[in-house]
2 protein chains.
Amino acid sequence: MPRDIDRRAARTRKALHQALLTLMLRKGYEALSVQDIIDEADVGRSTFYAHYTGKEDLLRSGFQMLRQELKEAQSTVRAGAEASHGDPLGFSTAMFDHAARYADHYRTMIGGRGGAVTENEIRLILSEMVRQELPATLHGDAAPRDFVVQFIVGAFLTALNWWFERKPKLSPSQVDAMFRSLVLHGLSSSIGGDRRPSAD
Amino acid sequence: MPRDIDRRAARTRKALHQALLTLMLRKGYEALSVQDIIDEADVGRSTFYAHYTGKEDLLRSGFQMLRQELKEAQSTVRAGAEASHGDPLGFSTAMFDHAARYADHYRTMIGGRGGAVTENEIRLILSEMVRQELPATLHGDAAPRDFVVQFIVGAFLTALNWWFERKPKLSPSQVDAMFRSLVLHGLSSSIGGDRRPSAD
DNA sequence: TATAATAATGGACATGCTGTCCGGGATTTC
DNA sequence: GAAATCCCGGACAGCATGTCCATTATTATA
């Protein structure tokens with residue numbers, strides 16, 4: 001049953017998404033105009049607006065597709081993820097590896113080059129992922145789970161950005177090690193004198 | 001020797017900065033047009049472009065002023081900052097207090113509402129501050145100082161955003177406590193089973 | 001294969017913002 | 001007071017936006 005979507009509509013959508021991706025790699029998201037996109041995709045002006053309300057709509061739609069793909073991929077990964085039993089950040093290694101492989105795309109999305117919408121969308125996706133992967137062995141004493149999730153996501157994006165901008169030569173595992181050290185143990189692992197966790 | 005700058009020019013600049021601030025509180029930065037700004041400031045179109053190349057230029061100029069004010073204020077604070085002797089995050093409390101007092105402004109600048117430029121500018125200012133405040137007792141073993149600075153700034157912005165968006169009722173000191181707990185000791189303070197930091 | 005739906009096209013159109021230019025008028029400085 | 005400096009207002013071309021429509025092409029279906 002090809003009841004889903006007309007081939008033509010599907011083709012147009014795919015062309016637009018592809019054009020958006022290409023142009024984002026070339027000029028960044030903010031600098032793009034709808035005009036640029038439809039030129040690159042070779043699609044009529046009215047056709048574009050028949051599918052999306054603007055470039056932001058197109059972008060969000062793209063992220064929604066990505067989110068679904070990730071959701072499926074996650075189920076697969078989850079099967080062999082028994083190894084991360086006592087490790088609350090068992091997923092980080094895979095994420096840095098992934099970022100290394102698709103460095104170009106990550107770069108365009110992260111660090112201001114992608115614009116506020118993009119970064120926000122990425123934060124949402126990562127938050128979902130972290131929220132599910134983070135084990136329940138976490139006590140809510142120090143900080144609410146919500147807060148911890150945001151903290152981890154923020155640290156991850158910070159690590160990625162620093163990696164790409166300052167030390168692109170480092171291997172994924174090296175950056176991962178720094179990330180884990182800071183997120184798991186905080187500054188205490190880098191401070192000479194440690195403080196007693198007693199009365200203060 | 002008279003003034004460096006003509007009074008009229010100074011007045012125009014001040015009016016434009018004021019208008020920008022007002023409108024950012026009302027509509028956010030991204031949604032603003034130069035037209036809006038000059039209307040609000042009651043300044044001629046050509047006059048605007050005689051001073052700034054666009055709204056981004058105006059914004060940056062505003063941040064540069066802010067940066068100078070902070071630099072001076074910092075010297076003052078530095079005098080009585082002897083208390084933060086063994087505390088690598090001695091400055092955080094003051095920052096959360098400040099954020100609480102100017103919550104409206106912080107909200108407009110942070111969390112996507114302010115746009116990429118704004119957030120980037122804020123990151124720069126905060127990075128400068130943290131870089132100077134962070135004591136030299138920090139060992140570069142686990143992660144480069146650069147990385148640690150970015151990590152702290154990111155965590156601070158994350159905390160602020162979470163605070164404003166999810167738990168605006170909390171007091172500055174409460175959020176500060178969570179922030180310090182996570183940044184100083186990481187997740188280990190929230191995890192049930194701790195792992196030995198020996199061979200791994 | 002014929003036919004009815006559905007989608008894409010290209011062009012026109014009103015609208016709004018941008019950035020630049022100029023001449024007359026106002027304010028400030030010397 | 002005179003000269004320098006700044007502001008104003010208007011006009012201008014350029015470009016992007018969103019919307020409309022008549023026409024053409026593709027697709028699904030009987």
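Every chain is numbered from 1, with letters handed out A, B, ... down the list of sequences. When reading the values below, keep in mind they use all heavy atoms of this one structure, side chains included, and skip hydrogens, waters and symmetry mates.
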For the helix from C/dT1-D/dA30 to C/dC30-D/dG1, what angle separates the axis at the start from the axis at the finish, each from five pairs, in steps of 10°? 30°
With sequence neighbours excluded, what pairs up with A/Lys167 under the salt bridge (charged side-chain N to carboxylate O under 4.0 Å, His left out) test? none
Grab the CG-P distance between B/Leu58 and C/dT18 for me, whole Å please. 13 Å
How would you list all residue pairs meeting ring-ring contact (aromatic ring centres under 6.0 Å, His included) that involve residues 14-36 of chain B, not counting sequence neighbours? B/His17-B/Tyr52
Answer yes if the side chains of B/Asp36 and B/Ser33 hold a donor-acceptor pair under 3.5 Å, and no otherwise. yes
Looking at B/His51, does any N or O in its side chain come under 4.0 Å of the phosphate oxygens OP1/OP2 on D/dC7? yes
Under 3.5 Å, which N/O atoms of the protein pair with N/O atoms of nucleotides 2-5 of chain D?
| unit_1 | atom_1 | unit_2 | atom_2 | d |
| --- | --- | --- | --- | --- |
| D/dT5 | O2 | B/Arg8 | NH1 | 2.9 |
| D/dT5 | O2 | B/Arg8 | NH2 | 2.8 |

Sorted by chain and residue number, the side-chain hydrogen bond (donor to acceptor under 3.5 Å, both in side chains) partners of B/Asn120 (sequence neighbours excluded) come out as none
Would you please name every residue forming a salt bridge (charged side-chain N to carboxylate O under 4.0 Å, His left out) with A/Asp39, sequence neighbours left out? none
Indicate for each nucleotide in nucleotides 8-20 of chain D, in 5' to 3' sequence, whether protein heavy atoms under 4.0 Å reach the base (B), only the sugar-phosphate (S), or nothing (-). BBB-----SBBBB
Side-chain N,O (A/Arg11) to OP1/OP2 (D/dT27) below 4.0 Å: yes
Who pairs with B/Ala116 by side chain to side chain contact (heavy atoms under 4.5 Å, CB included), at least two apart in sequence or on another chain? none
Here the distance between atom C1' of C/dT18 and atom CD1 of B/Ile37, to the nearest Å, is 13 Å
Just to be sure I understand the rule, does A/Arg13 reach a base, reach only the sugar-phosphate, or reach nothing, if contact means heavy atoms closer than 4.0 Å? nothing
What's the CD-C1' distance between B/Glu30 and C/dC17, to the nearest Å? 16 Å
Atom-to-atom span, NZ of A/Lys14 to P of C/dA7 - whole angstrom: 17 Å
Measure from CZ on B/Phe48 to C1' on C/dC17 and round the result to the nearest Å. 12 Å
Is any NZ, NE, NH1 or NH2 atom of the basic residue among A/Arg67 and A/Glu72 found under 4.0 Å from an Asp or Glu carboxylate oxygen of the other? no
For residues 95-117 of chain A, the salt bridge (Lys or Arg N to Asp or Glu O under 4.0 Å) pairs (sequence neighbours left out) are A/Arg113-A/Glu165
Would you please name every residue forming a salt bridge (charged side-chain N to carboxylate O under 4.0 Å, His left out) with A/Asp146, sequence neighbours left out? B/Arg166
What's the CG-C1' distance between A/Leu16 and C/dT9, to the nearest Å? 14 Å
Considering only residues two or more places apart or on different chains, which pairs with a residue in residues 94-126 of chain A satisfy ring-ring contact (aromatic ring centres under 6.0 Å, His included)? A/Phe96-A/Phe156, A/Phe96-A/Phe179, A/His98-A/Tyr102, A/His98-A/Tyr106
Residues which pass side chain to side chain contact (heavy atoms under 4.5 Å, CB included) with A/Arg60, listed by chain and number, not counting sequence neighbours: A/Glu56, A/Val117, A/Glu121
